[in-house]
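Accompanying notes for the structure given below.
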Amino acid sequence: MPSASCDSLLDDIEDIVSQEDLKPQDRHFSRKHVVPKVRKRNTQKYLQDENSPPSNSTIPGIQKIWMRTWGCSHNNSDGEYMAGQLAAYGYEITENASDADLWLLNSCTVKNPAEDHFRNSIKKAQEENKKIVLAGCVPQAQPRQDYLKGLSIIGVSLYLTGRTENPRLLKHVVQQIDRVVEVVEETIKGHSVRLLGQKKNNGKRLGGAPLDLPKIRKNPLIEIISINTGCLNACTYCKTKHARGNLASYPIDELVDRAKQSFQEGVCEIWLTSEDTGAYGRDIGTSLPALLWKLVEVIPRGAMLRLGMTNPPYILEHLEEMAKILNHPRVYAFLHIPVQSASDSVLTEMRREYCVADFKRVVDFLKEKVPGITLATDIICGFPGETDQDFQETVKLVEEYKFPSLFINQFYPRPGTPAAKMAQIPAQVKKQRTKDLSRVFHSYNPYDHKIGERQQVLVTEESFDSKFYVAHNRFYEQVLVPKDPTFMGKMIEVDIYESGKHFMKGQPVSDARVYTPSISKPLAKGEVSGLPEEFRNRLGNHPSSVSHTSAVGQDFASSRMALRLQNLRRDRALRVSVGLALLALLLAFFCPNL
């Protein structure tokens, strides 16, 4: 199309030169009569114009992102890694959903209500015209659901719709969370990116993303380390297996290095997590006790380690060693062992690979060898085929052991699982059994006998109602203490004066010693862990505020913006050079005598 100043189209390149125009040789001889005129320019304005992006451009790395995570501690660990990478790249992680440019929703597929909340959040984001990136188990396990269409998903192999300026996205089979920056960047540009599948090396499945990625800990005092991803079971009700896949463990040395780094950044409590910590190492020729003995060597005084959920079949092989480890002064005497049902017939239908006697053997042995140990368990009410007698067996188990921590779940048929195809128990029956078991659980108070005890507790967070600090004793029992800022991250002595169903209250002993872990000052809330050394140096040796993190993020963003502008100017120069060369060739062809 002609420009606004043109009256007609040019029919030929020669139309550019008229008879009255100087010929090239005339121009050459007339150059000596040309006197260049010095033209002043506003250097400040010139530089500003050069560095300012076009008004209609979209530059990733400068937007605000709101994150929400549902589900287990493994999911929370993934969320912390994603937030850290995005913040290190320049994005601002905000707690204000309405203020964000993009929502990153990290989902859980264990139960229907969690997926319902996830789906409702997607709908709300669409209503508010937010960019959306989806992560977690729901989109990985069920990527073809209608409500996920057209949305970016962080999985492992790649499908890309729309034009992309980043061809690197098309080259690799990768783990999901270590590509979150690229997925967010493409989504900000208006593209839909899907990374789905599994990471492999020479045909062997690898574990999750690298442990040394940047992360933002939800609680700067607590490090969540996933020691493996996936599991060896094939429970008929479980949808998580569809998302996480088979067992893939991290090497011991990588896990120990991550723990060391955490303590150097002021962490005083480590949580080990996975879909089944008891199965750790079976795929790489090692075991959970071997890992734990290496970890306790690097735990400083005043810091603690908490072990996550393990299924009965695998801990049975290591009972003696596990009892010794759980008696270690820097390991919480706490273990989460799901039973799910006290009926062997129901366990068989669940395909749990153990019987009730196996579960009791584990519990009885640990209660004997680790005095005072806290044992938590899970129970599913209303699994397909569960009779009244089956349910009563479960009630008797709870009455016998009086578990201080009991997670009661109504059965939900998850799409694509074998249990969803079984004959279902009526919803009203499932609800009633859930209520009945909850009534049994609330009929006893597990902490009444501890009133008057003096306990050593580690203070790590603030209570939900903001009235107390939350601490945990040797058995990972919750103890509420007064809000004294000098207690946070410290181990203190308290006298227990009150108890409730889920907690105790402790009064600090006035003349008792406060134990400070022999580690560095904790990172500030929202500060990025594991930044590259060159950026860490810019903050000084002891970074202590979120503003420092923002400065690093701005460095990332500014560097990327400058590079983009430099490339833009280079492309423009290249186009001009090519155009002039083409014009010269055309003139030489049509006007050989010039």
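These numbers come from the heavy atoms of this one structure, side chains and all, not from hydrogens, waters or symmetry mates.
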| query | Does Glu320 come within less than 4.0 Å of Lys369, counting only side-chain N to carboxylate O? | reply | no
| query | Is the NZ or CZ atom of Arg119 both under 6.0 Å from the centre of the six-membered ring of Tyr147 and within 45° of that ring's axis? | reply | yes
| said: So Tyr401 and Asp364, do their side chains get closer than 4.5 Å, heavy atoms only? | reply: yes
| request: Report the distance from atom CZ of Arg258 to atom CD1 of Ile227, rounding to the nearest 0.5 Å. | output: 15.0 Å
| request: Could you tell me whether a side-chain N or O of Ser343 sits under 3.5 Å from a main-chain N or O of Asp390, the two making a donor and an acceptor? | output: no
| request: Give me the one residue out of Asp283, Thr229, Thr286 that meets side chain to side chain donor-acceptor pair (under 3.5 Å) with Ser249. | output: Asp283
| message | Given 3.5 Å as the limit, does a donor-acceptor pair link the side chain of Tyr280 with the main chain of Tyr250, or not? | response | yes
| query | With no hydrogens and no angle check, is any side-chain donor or acceptor of Lys525 less than 3.5 Å from a backbone partner on Lys218? | reply | yes
| task | Kindly say whether Thr187 contributes a backbone atom to a donor-acceptor pair with the side chain of His191 at under 3.5 angstrom? | result | no
| field | From CA spacing to verdict: salt bridge (charged side-chain N to carboxylate O under 4.0 Å, His left out), Glu317, Arg282 | value | CA-CA 12 Å; Glu317 297 181 16; Arg282 285 172 167 254; 2.4 Å; yes
| In chain order, what residues pass the salt bridge (charged side-chain N to carboxylate O under 4.0 Å, His left out) check against Lys324, with sequence neighbours excluded? | Glu321
| field | Any donor-acceptor pair under 3.5 Å from Trp66 side chain to Ile93 backbone | value | no
| task | Test Leu86 against every option in Leu104, Val133, Ile216 by the side chain to side chain contact (heavy atoms under 4.5 Å, CB included) rule and name the one that passes. | result | Leu104
| query | Do NZ/NE/NH1/NH2 and the carboxylate oxygens of Glu186 and Lys189 come within less than 4.0 Å? | reply | yes
| field | Polar side chain donor-acceptor pair, Glu399 to Tyr444, under 3.5 angstrom | value | no
| message | Show, in sequence, the C-alpha distance, side-chain angles and deciding distance for Lys360 and Glu400, and conclude whether the salt bridge (charged side-chain N to carboxylate O under 4.0 Å, His left out) test is met. | response | CA-CA 11 Å; Lys360 288 186 174 183; Glu400 178 182 357; 3.7 Å; yes
| What are the two closest heavy atoms between Leu213 and Tyr81, and how far apart are they? | O-CE2, 3.5 Å
| request: Could you tell me whether Asp146 and Lys149 make a salt bridge, using a distance below 4.0 angstrom between a side-chain N and a carboxylate O? | output: yes
| query | Could Lys64 and Asp101 be called an ion pair, given the rule that one side-chain N must be under 4.0 Å from one carboxylate O? | reply | no
| task | Would you check, one step at a time, whether the test side-chain contact (heavy atoms from CB on, under 4.5 Å) holds for Ile154 with Arg179? | result | CA-CA 8 Å; Ile154 303 174; Arg179 300 295 292 273; 5.8 Å; no
| request: State, with a plain yes or no, whether a side-chain heavy atom of Leu148 is found less than 4.5 Å away from one of Ile122. | output: yes
| Asn233 (side chain) donor-acceptor with Cys235 (main chain) under 3.5 angstrom | no
| Backbone N or O of Glu349 within a donor-acceptor pair of the Thr236 side chain at under 3.5 Å? | yes
| Under-4.0 Å salt bridge between Lys215 and Glu223 | yes
| request: For residues Tyr447 and His502, establish whether the separation of their ring centroids is below 6.0 Å. | output: no
| Between Gly372 and Phe475, what is the shortest heavy-atom contact and its length? | O-CD2, 3.1 Å
| Taking everything shown except Glu95 itself, do over 12 heavy atoms lie less than 6.0 Å from its CD? | no
| Short question: side chain of Arg352, backbone of Asp344 - any donor-acceptor pair under 3.5 Å? | no
| request: Taking all non-hydrogen atoms of both residues into account, name the closest pair between Phe411 and Ile380 and its distance. | output: CB-CG2, 3.7 Å
| Lys431 atom NZ: more than 12 heavy-atom contacts under 6.0 Å | no
| query | Quick check: does any side chain N or O of Lys130 sit under 3.5 Å from a backbone N or O of Ser98, one acting as donor and the other as acceptor? | reply | yes
| Non-hydrogen atoms of Thr94 and Ala100 that approach each other most closely | CG2-CB, 3.8 Å
| remark: Smallest heavy-atom separation, Asn106 atom then Gly79 atom, equals ND2-N, 3.7 Å
| request: Please say whether the positively charged group of Lys402, taken as NZ for Lys or CZ for Arg, lies over the ring of Phe441, i.e. under 6.0 angstrom from the six-membered ring centre and within 45 degrees of the axis. | output: no
| task | Measure the acute angle between the ring planes of Phe407 and His336, then classify it against the limits of 30° and 60° as parallel, tilted or perpendicular. | result | tilted
| query | Salt-bridged, Arg433 to Asp436, with N to O below 4.0 Å? | reply | no
| query | Does the side chain of Leu458 come within less than 4.5 Å of Asn473's, by heavy atoms? | reply | no
| query | Side chain of Gln424, backbone of Met422: donor and acceptor closer than 3.5 Å? | reply | yes
| Taking 4.0 angstrom as the limit, do Lys467 and Glu462 come out as a salt bridge? | no
| request: Look up atom OG1 in Thr277 and atom CG in Leu307, then write down how far apart they are to the nearest 0.5 Å. | output: 4.5 Å
| task | Taking all non-hydrogen atoms of both residues into account, name the closest pair between Val470 and His472 and its distance. | result | CG1-CE1, 4.0 Å
